[in-house]
Amino acid sequence: MKEKKRYTITAALPYANGPLHLGHLAGAYLPADIFVRYLKAKGNDVAFICGSDEHGAAITLRAKKEGCTPQEIVDKNHEIIKKSFSNFGIDFDIYHRTSSKLHHETASDFFKNLYEKGSFTQETTEQFFDQEHQQFLADRYVTGTCPKCNSAGAYGDQCEKCGSSLSPTDLINPISTLSGKTPVLKETTHWFLPMNKHEKWLKTWIETGVLDGKQQHNPSEWRKQVIGQCKSWIDNGLQPRSITRDLDWGVKVPVDGADGKVLYVWFDAPIGYISATKQWAADNGKNWEDYWKDNNTQLIHFIGKDNIVFHGIIFPIILKEHGDFILPTNVPANEFLNLEGDKISTSRNWAVWLHEYLEDFPNKQDELRYVLTSIAPETKDSEFTWKDFQARVNNELVAIFGNFVNRSLVLTHKYFEGKVPSQGTLTEYDKEVLSSITSTQHKVYELIATYRFRDAQTEAMTLARLGNKYLADTEPWKLIKTDEERVKTILNISLQLCNALSIIFEPFLPYTSKKLKGFLNSNASELNSGHQLNQPELLFEKIEDEAIEAQIEKLKKISSPAPSKGGETTFPLGRVGDGTNPKAKPMKDEITFDDFIKMDIRVATILAAEKHPDADKLLKLTVDTGIDVRTVVSGIAEHYKPEDVVGKQVSMLVNLAPRKIRGIESKGMILMAENNEGSLAFISPEKAMDNGGEVR
RNA sequence: GGCGAGGUAGCUCAGUUGGUUAGAGCGUCGGAUUCAUAACCCGAAGGUCACGAGUUCAACUCUCGUCCUCGCUACCA
């Protein structure tokens with residue numbers, strides 16, 4: 001494939017619903033930034049595009065909860081996120097936002113274009129409708145009991161407890177979050193993208209890289225997991241997807257009779273890349289179409305693995321359907337970053353937030369960049385631990401890179417008043433070391449070009465290693481007593497290495513690069529003899545054990561419920577938010593005693609238990625309710641083994657209407673308590689009771 | 001259960017189209033050194049490449065099966 005010169009690089013639009021954590025940075029933004037810095041260093045024409053994704057029901061809900069407008073929510077988060085990026089040196093050409101006028105116009109035009117082409121189908125379906133507020137409820141506006149894990153408070157699109165995606169009508173006991181009442185089903189019309197029509201060309205494109213009969217990209221350069229997941233979707237048959245929603249926060253559907261409808265976020269958000277590019281082009285005297293409609297432009301999307309389908313299938317369909325637009329030449333998706341042995345979870349607060357990191361480690365953004373690149377989840381999930389962070393900073397950045405620079409500069413100041421000494425006759429060794437500068441740079445750039453950022457950074461570090469070895473081998477501190485001319489050459493070469501490091505490390509460690517160029521007092525690709533250096537400081541500082549222990553402590557403390565203090569006998573009562581468990585679900589609406597006594601809850605004993613033959617999460621239980629012996633199917637298989645539950649006395653709702661679950665009729669429901677982490681416990685009488693005893 | 005991606009030295013990870021003694025960094029142990037943030041430099045130990053079959057002259061690399069991890073997906077009255 002011929003070398004292309006223009007690039008449009010996008011990084012996933014962060015959802016403006018909260019701040020950023022380590023996983024975000026490692027997954028998409030850092031690799032994108034490294035790639036862009038490399039491209040720019042090579043003189044390519046690059047547009048590095050990102051922005052806040054500010055629509056969607058999750059944001060309107062949050063606004064409601066916090067008693068402010070959606071705009072206020074996204075304004076606040078947009079600033080926090082934008083600041084995190086700029087603090088960490090993620091150097092977007094534009095960081096735009098989807099709430100902007102330009103984006104609304106762009107997304108709206110896009111929809112209209114496809115609508116007029118007949119790219120969509122229209123379907124009327126039943127959706128929940130809040131009669132009191134006279135409006136349809138977006139998925140997020142309906143809560144209820146999750147049909148999968150039974151936890152209360154699941155949203156209509158997703159249960160945050162068990163992570164399964166849902167449809168609002170799946171919810172048990174659905175409640176409108178607007179009025180708190182049970183919504184009714186009412187017909188509404190929405191537009192769908194018939195993805196099934198695009199299977200054929202997508203399959204060819206994903207598998208071979210051929211689009212419209214032309215080789216568009218080389219699939220062997222795509223990561224396995226990206227091709228694998230896209231193929232998996234295509235081979236299983238694509239379904240039409242609804243691309244509009246009944247909601248008042250978002251891009252209005254630009255069609256008559258679509259009042260109260262907006263574009264669904266995943267249709268609207270990727271178009272945000274385009275509107276951001278338009279804004280950037282307008283601000284900088286460029287033509288945005290060069291970056292989206294020219295076959296000589298490479299479009300590359302940096303994302304996390306949760307976004308593969310949108311960028312590998314859905315957005316390409318939209319772009320191709322529109323026509324004129326180029327399709328991505330690559331979608332380098334990273335896997336996930338785990339944290340101290342657990343997956344990162346914002347709801348459990350098991351995360352390291354970027355803005356908090358900088359408070360605890362001021363001016364250490366490159367240290368984090370370095371470590372996150374070293375452990376980047378490029379081919380599989382990887383793990384961040386604070387201990388590892390400390391080790392990599394201390395043993396690599398400080399001991400190898402910082403130390404070499406410091407040695408070179410200190411010796412030069414000591415022997416030559418901080419002036420770059422001249423090169424004399426070069427030995428074979430000198431020549432080898434000098435030539436390794438260019439060979440290292442080539443290797444590093446080649447690795448970056450193939451999205452192997454981790455290897456690229458390691459390669460860069462070997463040049464600093466070589467520097468240390470060079471000094472150890474040539475021992476200028478000894479030679480200075482006998483052969484000052486030789487020492488001049490040695491230090492000249494050492495300083496050239498330092499200078500090269502400042503250039504080669506720039507994509508990875510921009511702050512350090514700048515700092516080092518400051519020490520060297522140079523921006524040039526080589527240092528001339530006689531050039532005056534500045535007084536150096538330390539490039540990196542060691543991270544002490546205490547700082548690391550404090551982080552580990554912090555993580556454990558904030559993520560687990562506060563322990564109750566001994567001796568304390570009274571608790572503040574009544575005020576919301578004063579509870580001992582801040583993560584407890586809010587109380588449901590008040591009911592009457594009559595409502596309550598409709599439920600017939602009894603003590604029952606589990607007589608037998610076996611795994612449901614056709615399901616992973618279900619146990620088939622035989623229970624003695626005192627009234628009868630019956631079968632109950634319960635979703636507890638991930639928490640209890642069959643042999644562990646036999647003989648247990650439990651509480652059971654016995655007059656619940658029977659229902660077939662995965663082929664087995666279940667009569668009743670075993671009551672379970674759930675804690676913050678989603679683990680379950682039986683509600684058992686504290687002493688043995690008669691089966692059939694009422695629970696009141 | 002289905003589909004996808006993984007399971008390689010104590011740790012974090014590389015291993016391209018199957019080919020001599022399986023690699024890197026860190027950690028460990030030993031040595032050398034003192035210009036340097038007790039840092040650097042040299043050397044060594046350490047792996048039945050998850051497990052079991054099969055194809056092959058030859059398999060970490062291909063095929064099948066089993067187990068485990070992660071993601072998507074189905075079941076949680």
Side-chain angles (χ1 to χ4, degrees), chain A residues 145-151 159 162-165 172-173 220 223-233 235-236 304-306 308-309 335-336 338 343 371 374-385 387-388 391-392 394-396 398-400 402-412 414-415 450 452 454-455 457-459 461-462 464-465 467-480 487 491 494 537-542 612-619 632-639 653 656-664 666-670 672 680:
Chain A
T145 302
C146 173
K148 317 212 166 187
C149 68
N150 256 330
S151 62
C159 172
C162 65
S164 46
S165 50
I172 302 157
N173 204 0
S220 70
R223 290 188 178 155
K224 275 188 193 172
Q225 66 265 32
V226 176
I227 292 180
Q229 193 171 342
C230 290
K231 272 180 70 175
S232 164
W233 268 61
D235 292 345
N236 285 320
K305 70 170 156 183
D306 50 331
I308 288 174
V309 170
E335 303 268 329
F336 286 158
N338 292 324
K343 43 185 95 166
V371 173
S374 313
I375 60 170
E378 288 172 6
T379 55
K380 52 185 141 186
D381 289 359
S382 64
E383 168 121 352
F384 178 94
T385 65
K387 220 179 116 258
D388 179 68
R392 286 182 192 275
N394 291 356
N395 301 330
E396 297 173 34
V398 175
I400 311 285
N403 187 35
F404 169 63
V405 168
N406 193 237
R407 295 170 84 181
S408 304
L409 292 172
V410 166
L411 287 173
T412 306
K414 198 184 252 181
Y415 302 148
T450 52
R452 295 165 66 183
R454 187 213 305 257
D455 290 343
Q457 186 178 251
T458 303
E459 192 61 42
M461 193 52 93
T462 62
R465 279 204 177 83
N468 278 315
K469 183 171 163 49
Y470 180 69
L471 285 180
D473 289 343
T474 53
E475 298 181 309
W477 52 89
K478 282 187 180 163
L479 281 180
I480 193 67
V487 171
L491 284 183
S494 299
E537 301 158 36
L538 294 177
L539 208 49
F540 302 100
E541 285 167 4
K542 282 192 142 189
H612 191 298
D614 304 321
D616 292 347
K617 299 183 185 174
L618 305 179
L619 289 187
V632 176
V633 176
S634 185
I636 57 173
E638 292 183 327
H639 305 274
L653 182 62
L656 187 69
R659 181 169 156 171
K660 261 196 178 178
I661 298 171
R662 201 77 183 162
I664 296 178
S666 176
K667 297 174 177 174
M669 174 172 170
I670 308 284
M672 305 296 295
L680 300 177

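Lettering of chains follows the sequences in order, A, B, ..., and the numbering in each one begins at 1.
Residue A:Thr385 is out of contact with every strand shown, counting any heavy-atom pair closer than 4.0 Å. Backbone-only engagement by A:Val633 is indicated by non-hydrogen atom pairs under 4.0 Å involving sugar-phosphate atoms exclusively. Across all strands shown, A:Asn403 has heavy atoms under 4.0 Å from base atoms, whether or not it also approaches the sugar-phosphate. Residue contacts shown for A:Leu491 are absent, as no nucleic acid heavy atom lies under 4.0 Å away. A:Glu383 comes within contact range of the sugar-phosphate backbone alone, with a heavy-atom separation under 4.0 Å but no base atom that close. Within the 4.0 angstrom heavy-atom criterion, no nucleotide atom of any strand lies near A:Lys387. If you check every strand for non-hydrogen atoms under 4.0 Å, A:Arg223 touches nothing. Heavy atoms of A:Lys414 sit under 4.0 angstrom from primed sugar atoms or phosphate atoms, though from no base atom.
Taking atom CD of A:Gln229 as the reference point, atom P of B:rG71 lies 12 Å away to the nearest angstrom. Taking atom CD on A:Glu541 and atom P on B:rA36, their separation rounds to 18 Å, with Å as the unit. Going from atom CZ of A:Phe540 over to atom C1' of B:rC40 covers 16 Å, rounded to whole Å. Distance CD (A:Glu475) to P (B:rU34): 7 Å, rounded to an integer number of Å. Computed from coordinates, the A:Leu471 CG to B:rU34 P distance equals 14 Å when rounded to whole Å. Counting to the nearest Å, the C1' atom of B:rU12 and the CZ atom of A:Phe336 are 20 Å from each other. Look at CZ on A:Arg407: it is 13 Å from C1' on B:rA38, rounded to the nearest Å. When rounded to the nearest whole Å, the span between NZ of A:Lys343 and P of B:rC70 equals 5 Å.
Place A:Asn394 and A:Lys380 on RNA chain B by their nearest nucleotides, and A:Lys380 ends up nearer the 5' end. With RNA chain B read from its 5' end, the first of the two nearest nucleotides for A:Asp473 and A:Gln225 is the one closest to A:Gln225.
Contact check, A:Lys542 against B:rA39: a side-chain N or O comes under 4.0 Å of OP1 or OP2. The side chain of A:Ser232 places no N or O atom within less than 4.0 Å of a non-bridging phosphate oxygen (OP1 or OP2) of B:rC72. Regarding contacts with the backbone of B:rG4, every side-chain N or O of A:Lys231 stays at 4.0 angstrom or more from both OP1 and OP2. Put simply, A:Lys224 has a side-chain N or O that comes within less than 4.0 Å of OP1 or OP2 on B:rG6. One finds no side-chain N or O of A:Asn406 lying less than 4.0 angstrom from the OP1 or OP2 phosphate oxygen of B:rC35.
If you take atom C1' in B:rC40 and the same atom in B:rC35, they sit 10 Å apart, rounded to whole Å. Taking atom C1' on both B:rC60 and B:rU16, the two are 13 Å apart, rounded to the nearest angstrom. Between B:rG47 and B:rU63, the two C1' atoms lie 25 Å apart (nearest whole Å). A distance of about 14 Å separates the P atoms of B:rG65 and B:rG1, rounded to the whole Å. Across the C1' atoms, B:rU66 and B:rG7 are found 14 Å apart, a figure rounded to whole Å. As rounded to the nearest Å, B:rG6 and B:rA39 have C1' atoms that lie 38 Å from one another. Rounded to whole Å, the P atom of B:rG27 lies 15 Å from the corresponding atom of B:rA38. B:rC57 and B:rC51: their C1' atoms are spaced 26 Å apart (whole Å).
When side chains are defined from C-beta on, A:Asn406 does not count as touching A:Leu539, because their heavy atoms never get closer than 4.5 Å. Here the side chains of A:Ile375 and A:Arg392 are in contact, with some heavy-atom distance below 4.5 Å. Put simply, the side chain of A:Trp477 reaches to within 4.5 Å of the side chain of A:Glu475, judged on heavy atoms.
Nearest to the side chain of A:Trp233, among B:rC72, B:rA39, B:rC42, sits B:rC72. With B:rC26, B:rC42, B:rA36 as the choices, the nucleotide that has an atom nearest any side-chain atom of A:Ala391 turns out to be B:rC26. Looking at the side chain of A:Ile375, the nearest of the listed nucleotides B:rG27, B:rU12, B:rC35 is B:rU12. When each of B:rC41, B:rU37, B:rU34 is scored by its nearest atom to the side-chain atoms of A:Val398, the top-ranked nucleotide is B:rU37. In this structure, of B:rU12, B:rC35, B:rG71, it is B:rG71 that holds the atom nearest to the side chain of A:Lys305. For A:Asn468, counting side-chain heavy atoms from C-beta on, the closest listed nucleotide (B:rC35, B:rC40, B:rG71) is B:rC40.
Looking at residues two or more places apart in sequence or on another chain, you find no side chain to side chain donor-acceptor pair (under 3.5 Å) involving A:Asp306.
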Note, RNA chain B 5' to 3' with Watson-Crick or G-U pairs under 3.5 Å encoded as ( ), [ ], | and . gives (((((((..((((.....[...)))).((((.........)))).....(((((..]....))))))))))))....
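At distances below 3.5 Å, not a single donor-acceptor pair connects side-chain atoms of A:Ser232 with backbone N or O atoms of A:Gly228. Under the 3.5 Å distance criterion, the side-chain polar atoms of A:Glu378 are matched with a main-chain donor or acceptor of A:Arg454.
Around CD of A:Glu383, the count of heavy atoms belonging to other residues, nucleotides or ligands within 6.0 Å exceeds 12.
Shown here for A:Asn468 and A:Ala399, the closest heavy-atom pair between the two residues is ND2-O, 4.1 Å. In terms of heavy-atom proximity, A:Cys230 sits nearest to A:Ile308 at SG-CG2, 3.9 Å. Of all heavy-atom pairs between A:Leu471 and A:Arg407, the closest is CD1-CB, 3.7 Å. The two residues A:Lys542 and A:Asn394 come nearest to each other via the heavy atoms CA-OD1, 3.3 Å.
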Write down the protein N/O and nucleotide N/O pairs, taken from nucleotides 23-25 of chain B, whose separation is under 3.5 Å; answer none if there are no such pairs.
| unit_1 | atom_1 | unit_2 | atom_2 | d |
| --- | --- | --- | --- | --- |
| B:rG25 | O3' | A:Arg465 | NH2 | 2.9 |
| B:rG25 | O2' | A:Glu396 | OE2 | 3.3 |

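Residues A:Asp235 and A:Lys231 are not paired through a salt bridge, judged by the lack of any N-O separation under 4.0 Å between the basic side chain and the carboxylate. We find that A:Glu335 and A:Lys305 are joined by a salt bridge, their nearest charged nitrogen and carboxylate oxygen being less than 4.0 Å apart.
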